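Below is one structure; the comments refer to it alone.
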Amino acid sequence: MTGAMAAGVLVAGLTGCGDDAEAGTAEESGAAEGTDAPVGEENADGDADAGGEGAAGEAEEPEPLPASSEGPAENWPEPEVPEEASEQTEEGVEAALQYWFETRQYARNTGDTAPLEAASTANCALCAQQVERVEEAYENGWYVQEEDVVHQAFLTLDGDDVASGLFTLNQGAYAGYWDGELVGEVEALEERPWTVALAYVDGRWLVADLLFAGDDGDEEQL
């Protein structure tokens with residue numbers, strides 16, 4: 001895909017102690033143990049004193065950096081699958097639905113689509129489209145995506161392993177960048193109506209279908 005084509009796809013998707021104190025401590029320690037061996041001297045086995053390294057030698061965890069106009073998120077924590085998503089209840093269905101949007105936000109901000117794919121069934125067309133948009137955007141760009149919140153969900157169990165219903169979505173604002181330049185922005189949108197179907201697969205609910213339910217003239221911008 002050429003740079004121009006990929007950028008076009010991205011736009012379309014946007015619908016301590018001192019020395020003296022240390023010496024004193026060493027002398028007291030030697031007197032108590034009947035030895036004048038200095039602190040830090042190797043023992044008979046050739047091992048250095050345990051006090052030499054300590055916590056200072058441990059590597060610090062890298063600081064998470066959110067997505068911004070400077071680039072995609074770095075060291076960003078992956079969203080955790082909610083325990084409720086394994087429950088065959090309406091609450092479990094809603095938890096899985098909200099989690100799907102969390103994985104989409106994570107995918108857009110990091111470029112990692114694995115959690116989003118794992119939260120979707122293999123035949124979910126819109127899910128696959130969202131994964132594809134992220135992959136294309138990250139060829140030479142990135143997204144900055146704010147939080148989406150599922151609101152007013154009316155979900156029902158249609159069987160032991162199938163669920164469906166209506167919900168409104170408060171969509172977070174997002175922007176797309178290509179070659180370091182802003183190529184498009186979408187403002188936050190509230191109360192967007194959607195229908196959803198979910199399937200219970202391998203012990204958890206997965207999104208199987210999403211469909212915008214607004215008026216014909218109201219453009220879908222997920």
Side-chain angles (χ1 to χ4, degrees), residues 1-15 61-82 85 95-151 167-196 198 206-214 218-222:
M1 177 181 293
T2 66
M5 290 176 63
V9 170
L10 181 58
V11 174
L14 289 169
T15 40
E61 291 292 331
E63 180 183 0
L65 298 176
S68 70
S69 59
E70 299 298 317
E74 297 180 16
N75 311 311
W76 203 253
E78 181 179 319
E80 296 184 3
V81 180
L97 176 60
Q98 178 62 62
Y99 173 70
W100 187 90
F101 282 100
E102 292 172 4
T103 64
R104 190 182 77 114
Q105 177 188 9
Y106 173 80
R108 285 189 162 188
N109 286 332
T110 66
D112 180 7
T113 63
L116 176 58
E117 294 180 76
S120 314
T121 64
N123 61 348
C124 177
L126 187 141
C127 306
Q129 178 194 67
Q130 295 298 305
V131 169
E132 184 179 358
R133 284 182 178 178
V134 171
E135 292 175 342
E136 291 174 342
Y138 272 79
E139 288 181 5
N140 204 38
W142 68 92
Y143 280 115
V144 178
Q145 168 76 51
E146 297 183 2
E147 183 181 16
D148 293 323
V149 179
V150 172
H151 187 59
F167 69 97
T168 58
L169 182 68
N170 290 346
Q171 293 181 219
Y174 61 95
Y177 293 83
W178 189 261
D179 283 337
E181 299 293 331
L182 176 67
V183 294
E185 294 179 288
V186 171
E187 296 181 354
L189 299 169
E190 297 185 353
E191 306 296 323
R192 303 278 285 177
W194 289 81
T195 64
V196 63
L198 299 95
L206 306 180
V207 170
D209 190 28
L210 279 166
L211 183 65
F212 183 63
D218 195 5
E219 184 181 0
E220 177 266 309
Q221 298 186 54
L222 186 63

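The shown structure was predicted, so the numbers you read here are calculated from the model rather than taken from an experiment.
Within the 4.5 Å cutoff, side-chain heavy atoms of R104 are placed close to those of Q145. The shortest distance between side-chain heavy atoms of L222 and F101 falls below 4.5 Å. Counting only heavy atoms from C-beta outward, the side chains of Y106 and V134 never approach each other to under 4.5 Å. At least one side-chain heavy atom of W194 sits under 4.5 Å from a side-chain heavy atom of L126. Here the side chains of V149 and Q98 are in contact, with some heavy-atom distance below 4.5 Å.
Of all the heavy atoms in D112 and A114, the pair that sits closest is OD1-N, 3.1 Å. In this structure, G176 and L182 approach most closely via the heavy-atom pair O-CD1, 3.5 Å. Closest heavy-atom contact between Q105 and E147: NE2-N, 3.6 Å. Residues W100 and S120 approach most closely at NE1-OG, 2.8 Å, considering heavy atoms. For R108 against Y138, the heavy-atom pair with the smallest separation is O-OH, 2.7 Å. Of all non-hydrogen atoms in A85 and V81, the two that sit nearest each other are CB-CG1, 4.2 Å.
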Tell me which donor-acceptor pairs under 3.5 Å the side chains of residues 64-74 have, and how far apart each pair is, sequence neighbours excluded?
from: S68; atom 1: OG; to: E70; atom 2: N; distance (Å): 3.1

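Once rounded to the nearest 0.5 Å, the distance linking CD of E191 with CG of N170 reads 5.0 Å. Considering CZ of F167 and CG of L210, their distance stands at 5.5 Å, rounded to 0.5 Å. In this structure, the separation between CD on E190 and OG1 on T168 is 9.5 Å, given to the nearest 0.5 Å. Taken from OG1 in T121 to CG in L206, the straight-line distance is 7.0 Å, to the nearest 0.5 Å. Note that CG of L97 is 10.0 Å distant from CD of E102, once rounded to the nearest 0.5 Å. The line from CZ of R192 to CG of D148 is 11.5 Å long, rounded to the nearest 0.5 Å.
Although no hydrogens or angles enter the test, the distance criterion places no donor-acceptor pair under 3.5 Å between the side chain of Y143 and the main chain of G111.
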